[in-house]
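Encoded as structure tokens, the structure appears first; notes follow it.
Below, chain A is the first sequence line, B the second, and so on; all start at residue 1.
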Amino acid sequence: MLNYIIRRVLYAVPILIGVNLITFTLFFVVNTPDDMARMQLGIKRVTPEAIAKWKQERGYDKPLIFNDAENGAAKFTNTVFFEKSVAMFAFRFGRADDGRDIAYEIRTRMMPSLAIALPVFLLGLGVYIVFALTMVFFRATYVDFWGVVLCVALMSISSLFYIIAGQFLISKLWHLVPISGYGQGLDAAKFLVLPVIIGVLSGAGANTRWYRTLFLEEMGKDYVRTARAKGLPESIVLFGHVLRNALIPILTGAVVVIPLLFLGSLITESFFGIPGLGSYTIDAINSQDFAVVRAMVFLGSLLYIVGLILTDISYTLVDPRIRLE
Amino acid sequence: MSFKPVILWTDALVYFLVAAMIVFAWYVRRNEHLLAPWRRVSHSASGMASLTVLIFFVIIGLLDTVHLRPAVENNSSGAAETAYSVEVLSLFDVIATPLRTQVEKTYSAPFAVYLYARETVELPGGGQTREFPRLKYGGAHLKDPEAQLFADIIGKAIAGASLGLFLWGLIVVMLSLVLARRSGESVPSVLSAIRHGATAVSWKTISVTLALILMLFGAALTLCGNYHILGTDKVGQDVFYQSLKSIRTGLVIGTLTTLMMLPFALLLGITAGYFRGWADDVIQYLYTTLSSIPGVLLIAAAVLMTQVYMETHPELFDTVAMRADLRLLFLCIILGVTSWTGLCRLLRGETLKLREMEYIQAAHAFGVSHWRILSRHILPNVMHIVLITTVMDFSGLVLAEAVLSYVGVGVDPSTISFGTMINAARLEMAREPMVWWALFAAFSFMFALVLSANLFADAVQNAFDPRVKTLSARTGALRRKIRKEGPVAKPAATGAEDSFSS
């Protein structure tokens, strides 16, 4: 088991290197730092001095991969690639355009993101499973049929609609919670209620439908027939046997997103003005702050890979038949 | 009127796609085994109803794809050459010229005859008042709007709807003539079969849907000449016109992205699964790496970079339309490059399974070349996965466009799309009284498009996925139900919107 985990972690390294290479290519090769400087400073009428200053401020004035002017190891370390891309492995993300330390920002903004994403995740999991089970319990009746219709309809609505309609109805018309903002400690709760509800609702269609499928697939298996043949009532078959077995794919499918919860949700956070990583990313995209976007890409893939490893481990925990070697 | 045809990049690709689909349809028609699953699709009521709606959208989208530059009328000096306007119009724009050109000053509500904002108006006898001025076009034919408005709207709507109904009647009669000719039965008996839903293809659902569409559209068409039926936006443009224009953007993103991703996914997925060894390792590494970057971040990074490229190379684009079009194309390419990994993984898995099958082994034993095995034996047998993924991804991509435009990495701001419409209207929610119509229009058109795409995708999946059949065979009592509305949706892992909104 431990061996397996170590191997998986080692396997993650080349993937992260690959991610790093992709971001490096995207941000420094497709467009040279000169292009970026010109874009930021205005396309026309940019003096070469201004460009040089812009690059120097950000440390983009070095050669990309190989520095001929230096000696020894500095030939490789005193380059944009080493200082901007390799440094990310040590979580040195550098500074954003407004001069703040990106690593510090990430640390402080993680918690607000988590404060929304975690309740959405847990509540969602519970609600979707309950709805899916209800539909399966009443399968082949009108409850099931209209349940599926409702799911497809919910799936077809843009997530932007949920947010806009929710803000309008609940905050603006009924004045139940503030439209947007964030507070410290328990104060935050009133700001979080609406985004959490909307988050759960916007995922409801697709997830409930998928869970229903998983349950139905489980219903067709032999052990269910055996359980029925023993004379067990349908409710025990459903909650005792089917639910527990269907939880395996549901939970393992959910584990992979747990680390990503730190990143928060881009649009929810920016609509509700929550100072999390999602709104940070959006602001960075809008102001074309390349350093922040680069850092978020790296962080996102790191968390995703952690999620994949956790998924593999969770398989062995919930299903004793699986042995990882 | 003389004009000069313009073929933008996305137009060319759309034409290519249409041609490919026609060839594919022709090929399927000639092969019974390929036709069988499509026949199952045609028996599904929800599938056919949604297909009818989709075709309606596609027709509008195609009309909007034929681009041209109209000639500029100048009588000065008998210049030998006609000059063409810089503005690129589409055939749809030409048809909808009244809608496009009847621009008010600013916001106005649906069916309004007065402007949304007060204006200072000079009174005839000198002096000024602030009042809501009449619209230039909306309801301009009415002398006394307060008294006439309601009756006029109802009258026009009924007239339009009955025109639509008349057209529908013609279509149904023609359809039953064709069907009667083909089956050798009499027309009345065919008509009654349609009415009772006794035909194999669910013509009944199709014709009911068609009737609804034609009536709605007929009413909308008659009304939109005299009113802004969905209001106007900030610069006074008709929202109904914008909604119709958005359809093309949505369709282009939904289809061209797939077109962009198919070569990657097919080539790499099948290669990895078939040849195994180092090729498999490399390809697996490639798609694991790409898929480990959260989708929206990768898209954002790539779009930011193309933006920089386009800003710093303005000389590459002649017209605004060309620039916007190229940005749309880049968006499709980026979405395609970031989303081929899911399909690639599925194809690799299926190919791994297929290559151990006896008939492939037999082909090997006969000395059939790899290329021939791949093209004759593997490719046709993974096509159902490609098809299912394509139709399932479509709706997610349409939804994703809106989110991406909100994030600021979507289509060019000058391209009319659901995303740009929502984005522009979002800021006006705070106004009193509220400007709700642009959001309403964008969301309801999007809902109609995505809902019908989802329903059609379900029908296609039910007909093509071998897993569905085995499942329904196993769960005896459920069988009828499952075939009716189809529960087996693949895990949302391939659905695009989830990954974007989280």
Side chains of [X] and [Y] in contact at under 4.5 Å (non-hydrogen atoms):
| X | Y | value |
| --- | --- | --- |
| B:I422 | A:I164 | yes |
| B:M446 | A:F161 | no |
| A:L26 | B:L304 | no |
| B:F443 | A:I157 | no |

How many angstroms lie between [atom1] in [X] and [atom2] in [Y], if you round to the nearest 0.5 Å?
| X | Y | atom1 | atom2 | value |
| --- | --- | --- | --- | --- |
| B:T289 | A:I17 | OG1 | CD1 | 10.0 Å |
| A:T23 | B:I293 | OG1 | CD1 | 6.5 Å |
| B:L399 | A:S156 | CG | OG | 7.5 Å |
| B:S292 | A:L302 | OG | CG | 9.5 Å |
| B:S291 | A:L308 | OG | CG | 7.5 Å |
| B:L297 | A:F298 | CG | CZ | 13.5 Å |

Please classify the contact of [X] with chain B as side chain, backbone, both or neither, using a heavy-atom distance under 4.5 Å.
| X | value |
| --- | --- |
| A:F27 | both |
| A:V152 | both |
| A:I305 | side chain |
| A:S270 | both |
| A:I22 | side chain |
| A:P249 | neither |

Segment of B:V409 engaging chain A (4.5 angstrom heavy-atom cut-off):
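Only the side chain of B:V409 comes within 4.5 Å of chain A.
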Select one option (side chain, backbone, both, neither) describing which atoms of B:L439 are under 4.5 Å from chain A's heavy atoms.
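For B:L439, side-chain heavy atoms alone lie under 4.5 Å from chain A.
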Residues of residues 447-454 of chain B near chain A, each having a heavy atom less than 4.5 Å away
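Answer by number: B:F447, B:V450, B:L451, B:N454.
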Between B:Y406 and A:F271, how do the two ring planes meet: parallel, tilted or perpendicular, split at 30° and 60°?
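Judged by the thresholds at 30° and 60°, the geometry between B:Y406 and A:F271 is parallel.
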Just wondering, are more than 12 heavy atoms of other shown residues or ligands nearer than 6.0 Å to CZ in A:R228?
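Yes.
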Does a sphere of radius 6.0 Å around CZ in B:F264 hold more than 12 heavy atoms from other residues, nucleotides or ligands, not counting ones at 6.0 Å or beyond?
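Counting neighbours around CZ of B:F264, 12 or fewer heavy atoms of other residues, nucleotides or ligands fall under 6.0 Å, so no.
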Would you name the heavy atoms of B:A402 and A:S158 that are closest together and state the gap between them?
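For B:A402 and A:S158, the tightest heavy-atom pair comes out as CB-OG, 4.5 Å.
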Heavy-atom pairs under 4.5 Å with chain B: which of A:Q167, A:R225, A:K172 has the most?
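The answer is A:K172.
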Heavy atoms only, distances under 4.5 angstrom: which of A:V293, A:I15, A:N286 has the most pairs with chain B? Name it, please.
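Of the candidates given, the most pairs with chain B belong to A:I15.
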I need the residue from B:A301, B:S395, B:A442 with the largest number of non-hydrogen atom pairs under 4.5 Å to chain A.
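Most heavy-atom pairs within the cutoff with chain A belong to B:A301.
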